[in-house]
Amino acid sequence: MTFSHPSNKLAQLKFYKWLVFMVVGLATFLSTTDTIVSISLPELAETFGVDASVIIWVALSYFVVSLGLMFTMGWISDGFGRNKVLIIGLLVITLSHGSGALAQDVYQLIILRSIAGIGSAAIIASSVAILVAVFPAKERGLAMGLISGAAGVGLASGPLIGGFLVDMFDWRSIFWIRLPVGALAFLFALSILQWTRGTGVPKVDLAGAFTLFLTLVSFLLAINQAGRIGIANPLVAVCGIIAVIGFIMLIKVELGALKPILDLRLFRILPYSVGMLTLVSLYIAVNALNSVAPFLLINGLEFSASKAGLFIGLYHGMRLPISPVIGIVSDRLGTRILMVLGLFLLGLGLFIIGLTVASGNESILWIGFLLAGIGTAIFDPANGSSIMGSVPKELLGNGSAAVATGRQIGLTIGGILSTAIFASTASNVSGLSPSTPLADVPHTSVLAGGGNAMIISAVIALLGTLIIFALFKRTSSKKEQ
């Protein structure tokens with residue numbers, strides 16, 4: 001007698017796609033609630049006695065590892081089964097989140113956060129492809145909008161819950177709280193998702209995986225340390241050289257690979273290339289909020305963690321009511337105008353925050369965070385639909401990983417860049433060393449540094465609109481999908 005997995009019967013139900021969405025949505029929620037860590041960074045910096053450029057790695061280590069492994073996980077999900085990769089990812093991220101609460105110093109915490117990044121890469125690289133596979137093409141925008149809404153719930157609840165926990169307990173509580181959520185997501189995935197087989201992979205592209213990871217990490221380290229120890233420092237120079245050589249080798253390796261981790265053929269598709277460029281520009285700008293806003297609000301304006309969480313939660317929370325609607329609209333009207341509108345509103349919101357934060361006017365700050373949130377909520381589902389709609393069916397896993405990788409690249413560069421601008425400006429204004437513990441930096445210097453980071457991030461977001469106008473002139477299709 002052969003064993004029949006419960007999902008085999010569930011898959012025959014008409015509403016099975018909604019069961020799959022429940023699993024993917026919960027996994028996405030778990031992954032995106034990592035904003036709960038950002039709101040705790042000021043307390044962690046004070047607890048461990050380090051500066052902003054060090055403590056930011058508690059957040060960035062998660063993104064860097066996730067980013068470095070994203071295409072690898074997408075490649076694995078295509079070859080060995082997307083559902084299996086998602087389930088394993090849920091297990092890894094849940095266990096590592098729980099272990100984070102046991103860290104004894106900042107370096108242990110960074111290592112455990114890096115392990116969580118492995119689970120995040122598995123979840124993000126496989127989730128969109130799983131969803132696209134069960135929803136019909138005419139509902140692709142709806143699916144992207146719904147998953148963006150789920151991400152919005154996670155992103156918004158992270159700072160809200162995190163701020164409350166930090167004020168009421170301590171930083172360790174933000175890791176304990178995610179253990180039951182992860183366990184529930186793992187059990188649901190194990191029960192609902194089918195154990196489908198992948199396409200099968202004759203040989204693992206280890207050279208591509210290693211070269212991609214080395215290139216990305218070297219590049220990000222060079223940016224991070226340039227703001228802290230100077231661009232002429234030997235460490236920065238070595239990281240930069242490794243990144244350049246690694247990038248050249250990556251192209252050579254992937255062009256000769258039988259089944260490359262980074263499929264360069266996708267970049268010949270115009271909607272895909274435009275979508276990826278603008279996706280990166282948006283998330284570079286977005287992470288100024290994730291990375292710098294907690295310092296700006298808590299250290300600069302002396303808000304409590306809970307109050308700061310309300311502002312950041314408002315920004316992320318706009319995804320929930322807006323993104324699903326935008327997903328439906330993009331199915332009917334196309335994606336170009338929605339992407340432009342989203343980037344413009346994000347840039348405008350960041351400008352308002354950056355230019356007025358020193359005044360401490362909370363009403364204007366609310367408007368800035370609100371506009372930035374609406375812009376991101378409009379852009380994300382339209383952009384996801386445009387990119388995934390241009391990817392051949394047999395490369396959906398790679399395309400899904402590419403979207404997630406573009407997002408992680410933007411978030412990671414944005415976090416490192418905005419923190420470097422923040423630390424450099426605060427140092428120049430205060431006359432203190434960039435390595436001065438954040439608790440010792442004057443409030444006025446924190447406000448000046450955070451304001452500059454927001455303004456530069458706004459410029460990057462607005463540059464994304466120019467990319468769309470410049471490159472989409474070459475296509476005559478009515479819809480960018």
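This is a predicted model, so every value here is computed, not measured.
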With distance as the sole criterion, is a donor-acceptor pair present between the side chains of Asn287 and Asn290 under 3.5 Å? yes

Nearest atoms (heavy-atom pairs only) where Ser281 meets Leu343: OG-CD2, 4.2 Å

May I ask you to decide if Thr215's main-chain N or O and Ser218's side chain share a donor-acceptor pair within less than 3.5 Å? no

Side-chain (Thr33) to main-chain (Leu30) donor-acceptor, under 3.5 angstrom: yes

Residue pair Trp366, Leu370: steps toward the side chain to side chain contact (heavy atoms under 4.5 Å, CB included) verdict: CA-CA 6 Å; Trp366 281 116; Leu370 179 66; over 6 Å; no

Quick one, Met73 and Ile124 - any side-chain contact, counting heavy atoms below 4.5 Å? no

Ignoring hydrogens and geometry, is there a side-chain-to-backbone donor-acceptor pair from Ser120 to Ala116 under 3.5 Å? no

For the residue pair Phe295 and Phe422, does the interplanar ring angle fall in the parallel (under 30°), tilted (30 to 60°) or perpendicular (over 60°) class? parallel

Could you tell me whether a side-chain N or O of Ser427 sits under 3.5 Å from a main-chain N or O of Ala423, the two making a donor and an acceptor? no

Using a cut-off of 6.0 Å, state whether more than 12 heavy atoms not belonging to Phe344 lie near its atom CZ. no

Are Leu289 and Ile353 close enough, and set up right, to give a side chain to side chain contact (heavy atoms under 4.5 Å, CB included), and what steps lead you there? CA-CA 10 Å; Leu289 283 165; Ile353 296 170; 4.0 Å; yes

Just distance, no hydrogens or angles: give the donor-acceptor pairs under 3.5 Å from side chains in residues 449-458, sequence neighbours left out.
| residue | atom | partner | partner atom | Å |
| --- | --- | --- | --- | --- |
| Asn452 | ND2 | Thr425 | OG1 | 3.3 |
| Ser457 | OG | Ala453 | O | 2.8 |

Please name the pair of heavy atoms, one in Ile177 and one in Val181, separated by the smallest distance, quoted to 0.1 Å. O-CG2, 4.2 Å

Got a donor-acceptor contact below 3.5 angstrom from the Ser31 side chain to the Thr28 backbone? no

Assess whether atom CE of Met249 is packed by more than 12 heavy atoms of other residues, nucleotides or ligands within 6.0 Å. no

Under 3.5 Å, side chain of Thr465 to main-chain N/O of Ala461, donor-acceptor pair present? no

Restricting to non-hydrogen atoms, name the atom on Ile352 and the atom on Thr356 that form the minimum distance, rounded to 0.1 Å. O-OG1, 2.5 Å

Taking the six-membered ring where the residue is Trp, are the ring centres of Phe219 and Phe247 under 6.0 Å apart? no

